[in-house]
Structures are given as structure tokens and as C-alpha cells.
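Read the structure below first, then the notes.
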Amino acid sequence: MNIFKRIAGHIYFFAGMVFFVLTMLIVLIPAGIALLFEEPVRARIIHPTYKIWMSIFLPLVGCPVRRKGKQYFKPGENYVVVVNHNSLVDIPVSTPWIPGPNKTLAKAEMARTPLFGIIYKAGSILVQREDDQSRKESFTKMQQTLKMGLHLCLYPEGTRNKTSEPLQEFFDGAFIAAIRAQKPIMPAVIMGTREILPMKPKFWARPKTIRYHFLEPIPTAGLSMSDRHALKEKVHKLMKDYILAHA
């Protein structure tokens, strides 16, 4: 990377962060109000708020989102949406662009971040991954979320993909949740975010169009826990093949 591109990327990163914080201060108001309500009312306030925010912020920083496959979301149905995870940019893309109110599973420690923690908490099911009791409670809350008719958005890789592979191996959690609730799995693929905010160099970014594609849902009706591994592998292969074909 030449010196001019490196400097431009650092300037873009810090300018984007300043703009993010300034717009976030406005969103704190409806996020704080949403926290006064229980679910599913909270999600129904938060989802359109975050969608409007990101519909303004991302295009203005040169990263518009292009969705495909929205027609797979059927009226009156809710889904366990499983999304690949390449970058921190995935977070403001994955849940706002799901068609309808939804909750995501998120690390509890992030909720302690000043100001941003309010926004983070309002849209998430918080879990302390090292705490067995917290993980059990998160499964209960995920089932409650699905019973309320909300979508559940999960990253089955568990963490950002720092490898050269299109996908890391999946954990079982999303598939257990879907089978328990007998809700369809909606595979979803986000492309372009790794190029926007790569691992290296630090504090460097670039503008790029983000592609967010929903794939045909996979039903879980009639499946049992013994089917979770086969379901996981089926979804992993489907998403990996799609990324390889469309990258």
C-alpha cells in the first residue's frame, strides 16, 4: 500500500468515526426511550430507528447497502437469520436491514461502553460468554424472542473471521435455537465489509458498496436435536458456496 492511500484511509477512518459519534448522539434519544418498554415493543421502536440511522450514515460515508432476497421473508413468519461475520462493519448492517424487528445476541461487556452501550443494549440479548448461567439465560431469551414473533439475528461463527477462508466453522447455538422453536433458518451473506475495515492496517478504512444477500430459508419443522449437526453443515455449505460464487 502506497503512502498516499494509507494516509487517505486513516483520514477516512477518523472522519467516519466522528460522523458516527455525532449521529449516534441523536439516536440515543429514541434508544433511551425504547429501553423504558418491554419486548416486543422495544424492538419495534428500535428497528426502524436504526434502519433510518444507517440508511443515512452508510451512504453518506460511501458504503451503501444493496439487499437481495428480501422476498424470502414471508408476512407473518419469523426466522433465525444466520449471518457471516468478517468485520465490525457487519454490526450496523446485519440487524437494521433485516425486514422487520429483530434481536441479536451480543457480548454483555460492550453494553458498559459509555453512550454507545445504551444503543447496544436496546437492540440486543446480552450474554457473558464465560458464564454458564448467562449462556443458559440467553437461550431462554432467544426462545422468548422467537415466540414473540421477532426475528433472531445470529453470527454462527461466533466471532469475526480472521482467516483466509470464506467462513469459519459454525457453532451449534443458532441451530439449536431454530430447532427448539421450530422456526426456519434464513441464511444471509454480507460481502464487502472486510474490504471496508480490514484487520490491518489499524485505524484504516475505505468506502465500498456492501452487499447483503438473503438466501432461501431452510425449514426446521419436524427436526429434532439429533438433526442439528446436519442442519449446521447444510447451512455452512450453502453460505460458503454462495460467497465463493459471488465474491
Exercise: do Thr193 and Asn86 side chains pair donor with acceptor under 3.5 Å: no

Residues 9-25, side-chain donor-acceptor partners within the protein, below 3.5 Å, at least two apart:
| residue | atom | partner | partner atom | Å |
| --- | --- | --- | --- | --- |
| His10 | ND1 | Phe203 | O | 2.7 |
| Tyr12 | OH | Val61 | O | 2.6 |
| Thr23 | OG1 | Phe19 | O | 3.0 |
| Thr23 | OG1 | Phe20 | O | 3.0 |
| Thr23 | OG1 | Trp53 | NE1 | 2.9 |

Supply the atom-to-atom distance [X] [atom1] to [Y] [atom2], rounded to the nearest 0.5 angstrom.
{"X": "Arg42", "Y": "Leu35", "atom1": "CZ", "atom2": "CG", "answer": "5.0 Å"}
{"X": "Gln143", "Y": "Ile176", "atom1": "CD", "atom2": "CD1", "answer": "10.0 Å"}
{"X": "Lys162", "Y": "Lys200", "atom1": "NZ", "atom2": "NZ", "answer": "10.5 Å"}
{"X": "Leu223", "Y": "Arg180", "atom1": "CG", "atom2": "CZ", "answer": "14.5 Å"}
{"X": "Met225", "Y": "Leu231", "atom1": "CE", "atom2": "CG", "answer": "10.0 Å"}
{"X": "Met239", "Y": "Leu215", "atom1": "CE", "atom2": "CG", "answer": "7.0 Å"}

Write down the atom of [X], the atom of [Y], and the distance for their closest heavy-atom approach.
{"X": "Tyr212", "Y": "Ala188", "value": "CE1-CB, 3.8 Å"}
{"X": "Asn84", "Y": "Glu157", "value": "CA-OE1, 3.3 Å"}
{"X": "Ile179", "Y": "Asp227", "value": "CD1-C, 4.3 Å"}
{"X": "Pro184", "Y": "Thr220", "value": "N-OG1, 4.2 Å"}
{"X": "Ala31", "Y": "Ile46", "value": "CA-CD1, 3.7 Å"}
{"X": "Met191", "Y": "Val189", "value": "CG-CG1, 3.7 Å"}

Any chance you could lay out the side-chain contact (heavy atoms from CB on, under 4.5 Å) test for Ser138 and Leu105, step after step, and finish with the verdict? CA-CA 8 Å; Ser138 71; Leu105 192 66; 3.8 Å; yes

Donor-acceptor pair, side chain of [X] and main chain of [Y], under 3.5 angstrom:
{"X": "Thr113", "Y": "Met110", "result": "yes"}
{"X": "Tyr120", "Y": "Glu109", "result": "no"}
{"X": "Thr163", "Y": "Glu165", "result": "yes"}
{"X": "Arg194", "Y": "Met199", "result": "no"}
{"X": "Arg211", "Y": "His246", "result": "yes"}
{"X": "Glu137", "Y": "Leu126", "result": "no"}
{"X": "Asp90", "Y": "Ser87", "result": "yes"}

Side chains of [X] and [Y], heavy atoms from C-beta outward: is any pair under 4.5 Å?
{"X": "Lys68", "Y": "Phe214", "result": "no"}
{"X": "Lys234", "Y": "Ile218", "result": "yes"}
{"X": "Val127", "Y": "Lys107", "result": "no"}
{"X": "Phe170", "Y": "His229", "result": "no"}
{"X": "Cys63", "Y": "Thr209", "result": "no"}

Is Asp241 paired with Lys237 through a side-chain N to carboxylate O contact shorter than 4.0 Å? yes

Does a side-chain N-to-carboxylate-O contact under 4.0 Å join Arg206 and Glu195? no

In terms of hydrophobic clustering (I, L, V, M, F, W, Y; side-chain heavy atoms under 4.5 Å; direct or indirect links), are [X] and [Y] co-clustered?
{"X": "Leu60", "Y": "Ile26", "answer": "no"}
{"X": "Trp97", "Y": "Ile196", "answer": "yes"}
{"X": "Ile56", "Y": "Ile45", "answer": "no"}
{"X": "Ile119", "Y": "Val41", "answer": "no"}
{"X": "Leu238", "Y": "Leu154", "answer": "yes"}

Side-chain donor-acceptor distances from residues 73-80 under 3.5 Å, at least two apart:
| residue | atom | partner | partner atom | Å |
| --- | --- | --- | --- | --- |
| Asn78 | OD1 | Lys183 | NZ | 2.8 |
| Asn78 | ND2 | Leu146 | O | 2.9 |
| Asn78 | ND2 | Leu150 | O | 2.7 |
| Tyr79 | OH | Tyr72 | O | 3.2 |
| Tyr79 | OH | Lys74 | N | 3.1 |

Is Lys121 atom NZ crowded by more than 12 heavy atoms from other residues, nucleotides or ligands, each under 6.0 Å away? no

What do the steps show when you test Met186 against Val82 for side-chain contact (heavy atoms from CB on, under 4.5 Å), and what is the final call? CA-CA 6 Å; Met186 178 78 73; Val82 294; over 6 Å; no

Out of Thr95, Asn102, Thr104, Ile98, which residue meets the side-chain contact (heavy atoms from CB on, under 4.5 Å) rule with Val81? Ile98

Where does the angle between the aromatic ring planes of Tyr155 and His85 fall among parallel (under 30°), tilted (30 to 60°) and perpendicular (over 60°)? parallel

Please determine whether side-chain contact (heavy atoms from CB on, under 4.5 Å) holds for the pair Met142 and Ile125, giving the CA-CA distance in whole Å, both sets of side-chain angles, and the decisive distance to 0.1 Å. CA-CA 8 Å; Met142 286 193 286; Ile125 298 168; 3.9 Å; yes

When you look at Lys103 and Glu39, which way does the side-chain contact (heavy atoms from CB on, under 4.5 Å) test go after all the steps? CA-CA 10 Å; Lys103 303 291 287 185; Glu39 300 293 2; 2.4 Å; yes

